[in-house]
Amino acid sequence: MSENIFEQYLSDKSVFIDREILSAAYLPNKLLHRVEHVQHIASIIAPALKGHRPSNLLFLGQTGTGKTVAARYVGQQLTDLLGKSSSGKVEFIYVNCQTIDTHYGILYELSRHFFTQEEAAQGVAPPPTGWSLDRLYQTLLERMRASGKVVIVVLDEIDKFVAKSGDDALYTLVKMNEGDGAGSGPIHAAANLGQTSVGTIASGSGAQESKVAAESAPVEKAKAQPTARISIIGISNDLKFGEMLDPRVKSRLSDEKLVFSQYEAHELYDILAQRSPLAFQPGAMPDSVLRLCAAMEAHERGDARRAIDLLRVAGEVADREREKQVSEGHLQKARKRIELDCVAEAVRTLPTQSKLVLLGVILNEEVGNERLTTGEVYNTYRELCRKIGMMVLTQRRIGDLISELDMLGILNARVRSYGRGGRTKDISSGVPMGESKRLLLADELLQPLKDFKARRQSTLD
DNA sequence: CCTCCACCGGAACGTGAGGAGT
DNA sequence: ACTCCTCACGTTCCGGTGGAGG
């Protein structure tokens, strides 16, 4: 065996030319079916070119409806243009709040655009950790002012940020450009609402630019210092985001709201057809497969990202089967695989207690116990806990865990009444048994349960 | 129509971890 | 180092309930 085991893969022909085209990072040079959105956004942001602060924006819409790509696209266009005219008076910053979700983290991220590497080396620039929030905030604010730039910050998945750090944190961001003629009205009301942490920061900054937050003597114009001009574009796939926000944040953030709706089948098709020739070898991706892919996804959620993923995975399946062309069969297999991956991921990342509950259900079904009730699942769960020395939670709590698993689609549980038999949940597993059991037992803690058998319920006779 | 089972699910409370300010 | 606050996760308590069987 002198052949290298990887050689075959090297020499293998792939259906792909460039797989990256089908990744989330790829930004097409023309955005299909979002032309109006993009133009609207451009018209709102345009004042930045003249040094004015644009309104804040909120993009709402479910996943894969083009929110992020639209924002990035506009940012790209903007920086392209400024690159040519070399005026560089606008700073466009994209932050994904899924990875950066703390108050400090975001301010630090912004600061990185305003300090050079030398400054960071000299210790002048804010470090990734270590400073107090207040100091970081002040330093950044000063630098922003001095730069004279209009700063446009995209906060993708802004709901994650708010969930983690609270709307206070968001408030301080939105408030960075206070003193900017427009929208300086409601500060005083806000100051009253202000909670401790924001209170200190906000009033600190306010005092410095003599735009006092304390309700005494509001000085109307503080012209002496240049003000920071920040505009925030928030992106959320929670359509109700904003409603739950503190009113003072809400009123400032959602100057303009833009809703992205789901793509329809023909739109998805166009999007796929735009990328396909760049991503696949000529002839490797038949039109019929594109149409089917678009139709399948449109039927589910109209999520362009998923449709593109699906196409990529289908290509990978075809590659593995050494086919030169992607077929509808590959597409079906790809869909199954993606689905399975989702479930597997969900099961694997469950907390141990939930895993035990799920395992309890599966073990019961294995020995043929149908019609599981909360009580029965609880009994099995308790035995499992004892076996591995886990703390046994109360039935009340387990009831909640079962409901959570139901919401995740991992279990099916619905409340049912059996008359004198009582009112309880009717529980069954919603995932393939064998596969899930294997995943659960892969957890070290659950290893000792390998050979555990649930007791047969002595139900009806 | 009334009972009564085996839970459901809301509310209030306890606890420990972790972040932020002093 | 210390205090204060918030949050996630659980517990205890308890009124509520759909519907088969009397």
Side-chain angles (χ1 to χ4, degrees), chain A residues 97 99-109 111 126-140 159-173 175 191 193-207 213 244-246 249 349-358 360-361 364 369-382 384-386 389-408 411-428 445 455 457-461:
Chain A
C97 301
T99 43
I100 303 172
D101 58 1
T102 61
H103 196 174
Y104 193 101
I106 287 183
L107 290 178
Y108 170 70
E109 191 60 27
S111 79
T129 169
W131 281 14
S132 76
L133 256 183
D134 207 6
R135 182 176 173 199
L136 174 59
Y137 182 87
Q138 294 299 344
T139 312
L140 176 60
D159 42 330
K160 301 264 162 51
F161 172 49
V162 173
K164 173 91 185 271
S165 306
D167 37 15
D168 294 348
L170 186 53
Y171 181 61
T172 55
L173 283 181
K175 204 172 174 296
L193 286 169
Q195 267 120 13
T196 51
S197 58
V198 188
T200 45
I201 290 177
S203 61
S205 75
M244 60 178 189
L245 284 178
D246 190 309
V249 183
T349 55
L350 244 31
T352 310
Q353 293 288 359
S354 300
K355 280 184 179 168
L356 285 167
V357 174
L358 176 59
V361 174
N364 264 296
N369 292 332
E370 311 277 324
R371 211 200 90 170
L372 283 169
T373 67
T374 304
E376 285 155 12
V377 171
Y378 185 64
N379 284 336
T380 312
Y381 155 82
R382 207 164 42 192
L384 292 175
C385 279
R386 295 228 179 89
M390 277 295 280
M391 193 182 131
V392 182
L393 303 183
T394 55
Q395 184 161 336
R396 174 72 187 83
R397 178 69 188 132
I398 295 307
D400 281 345
L401 290 186
I402 290 172
S403 300
E404 277 171 30
L405 289 171
D406 178 37
M407 295 235 287
L408 288 172
L411 286 184
N412 299 311
R414 55 177 229 280
V415 189
R416 227 185 107 177
S417 176
Y418 293 101
R420 283 243 154 136
R423 185 165 172 267
T424 177
K425 285 198 180 93
D426 196 358
I427 303 160
S428 62
L445 282 169
R455 255 178 277 160
Q457 306 289 343
S458 51
T459 40
L460 36 86
D461 268 315

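Remember, it's a predicted structure, so these values are computed and weren't measured experimentally. Just the heavy atoms: all of them, side chains too, but no hydrogens, waters or symmetry mates, feed the values below. Residue numbering restarts at 1 for every chain, and letters A, B, ... go by the order of the sequence lines.
Taking atom CG on A/Leu350 and atom P on C/dC9, their separation rounds to 12 Å, with Å as the unit. Remark: C1' of B/dC7 and CD1 of A/Ile402 are 11 Å apart, rounded to the nearest angstrom. In this structure, the CD atom of A/Gln353 is 10 Å from the C1' atom of C/dG10, given to the nearest Å. If you measure from atom OH of A/Tyr137 to atom P of B/dA20, you get 16 Å, rounded to the nearest angstrom. When the P atom of C/dG18 is taken as reference, atom NZ of A/Lys425 falls 15 Å away, rounded to whole Å. The CG atom of A/Asp426 sits 21 Å away from the P atom of C/dT17 (whole-angstrom rounding). One can place CD of A/Glu404 at 12 Å from P of C/dA8, the figure rounded to the nearest angstrom. Between A/His103 atom NE2 and B/dA20 atom C1' the separation is 12 Å, expressed in whole Å.
Residues A/Leu393 and A/Tyr378 share a closest heavy-atom pair of O-OH, 2.6 Å. Across all non-hydrogen atoms, the minimal contact from A/Tyr108 to A/Leu136 is N-CD2, 3.9 Å. Heavy-atom minimum distance, A/Met391 versus A/Tyr381: O-OH, 3.7 Å. The minimum heavy-atom distance between A/Leu140 and A/Ser111, with the atom names listed, is CD1-CA, 3.5 Å. A/Ile427 and A/Ala413 get closest at one heavy-atom pair: CG1-CB, 4.2 Å. Across all their heavy atoms, A/Gly399 and A/Lys425 have their closest contact at O-NZ, 3.4 Å.
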Shorter than 3.5 Å, N or O on both sides, protein versus nucleotides 11-13 of chain C: list them out with atom names.
from, atom 1, to, atom 2, distance (Å)
C/dT11, OP1, A/Thr394, N, 3.4
C/dT11, OP2, A/Thr394, N, 3.1
C/dT11, OP2, A/Thr394, OG1, 2.8

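The stretch residues 417-424 of chain A touches DNA chain C through A/Ser417, A/Gly419, A/Arg420, A/Gly422, A/Arg423, each having a heavy atom under 4.0 angstrom from the strand.
Side-chain contact between A/Arg135 and A/Pro126: absent, with no pair of heavy atoms (C-beta onward) separated by less than 4.5 Å. Here the side chains of A/Ile106 and A/Cys97 are in contact, with some heavy-atom distance below 4.5 Å.
The one candidate from A/Leu372, A/Asn369, A/Leu356 that meets the side chain to side chain contact (heavy atoms under 4.5 Å, CB included) condition with A/Val361 is A/Leu372.
Contacts of A/Gly375 with the nucleic acid, taken as non-hydrogen atoms under 4.0 Å apart, involve only primed sugar atoms and P, OP1 or OP2.
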